[in-house]
Amino acid sequence: MADMAKRPMTLDLFATLDIIDDDVSAVVDAYLADTTSRNVAFGEGYSIDPAAAVAAHPFARTLMGQPWADEELRRAAVRAAILLAEPERI
């Protein structure tokens with residue numbers, strides 16, 4: 001039987017120091033460099049699909065398609081999506 005326990009959000013991993021702010025920034029950078037980025041390793045043994053995280057976050061998904069959104073706003077939206085996503089343990 002598969003483990004049905006809910007995985008922690010990226011945001012939860014700050015408390016255990018499994019990730020730090022630089023880890024999240026690196027994932028955001030990877031996504032902004034290539035919006036098709038998949039399975040980016042980060043932190044202490046985690047992997048995340050930033051494209052899936054953005055697609056699952058309504059605000060980030062919508063904002064990324066807006067021509068008026070500047071780099072800073074895009075970065076903040078992607079960061080929010082990454083923080084609310086549930087990374088995989090590798």
Exercise. How close do Ile90 and Ala41 get, heavy atom to heavy atom, and via which atoms?
Worked result: CD1-CB, 4.2 Å
Problem set entry | Non-neighbouring partners of Asp22 that pass side-chain hydrogen bond (donor to acceptor under 3.5 Å, both in side chains), sequence neighbours left out | none
Seminar exercise, completed: Note: Ser47 and Phe42 closest approach over all heavy atoms is C-CE2, 4.0 Å
Exercise. What about Val24 and Leu11, same hydrophobic cluster or not, with Ile/Leu/Val/Met/Phe/Trp/Tyr joined at side-chain heavy-atom distances under 4.5 Å?
Worked result: yes
For this session: Answer yes or no: is there a side-chain heavy-atom contact under 4.5 Å between Asp23 and Tyr46?
Result: no
Exercise. Between Arg7 and Glu86, what is the shortest heavy-atom contact and its length?
Worked result: NH2-O, 3.2 Å
Problem set entry | Closest heavy-atom pair and its distance - Ala51, Arg38 | CB-NH1, 3.3 Å
Problem set entry | CG on Asp49 to OG1 on Thr36, rounded to 0.5 Å | 10.0 Å
For this session: Find out if a path of hydrophobic residues (ILVMFWY) with successive side-chain heavy-atom gaps under 4.5 Å connects Leu83 to Leu63.
Result: no
Seminar exercise, completed: When rounded to the nearest 0.5 Å, the distance separating CG of Leu13 from CZ of Arg89 is 8.5 Å
Exercise. In Å and rounded to the nearest 0.5 Å, what is the CZ to CD1 distance from Phe14 to Ile19?
Worked result: 4.0 Å
Exercise. How would you list, by chain and number, every residue that makes a salt bridge (Lys or Arg N to Asp or Glu O under 4.0 Å) with Asp12, sequence neighbours excluded?
Worked result: none
Exercise. About how many Å separate CD1 of Ile82 and CZ of Arg75, when rounded to the nearest 0.5 Å?
Worked result: 11.0 Å
Problem set entry | Tyr31 side chain reached by Val40 side chain, heavy atoms, under 4.5 Å | no
Problem set entry | Where Glu44 and Leu17 come nearest, the two heavy atoms and their spacing | CG-O, 4.2 Å
Problem set entry | Minimum heavy-atom distance Ala53-Ala85, with the two atoms named | CB-CB, 3.7 Å
For this session: Calculate, to the nearest 0.5 Å, the distance between atoms CG and CZ belonging to Leu84 and Arg79 respectively.
Result: 11.0 Å
Problem set entry | Non-hydrogen side-chain atoms of Leu32 and Met64 separated by less than 4.5 Å | yes
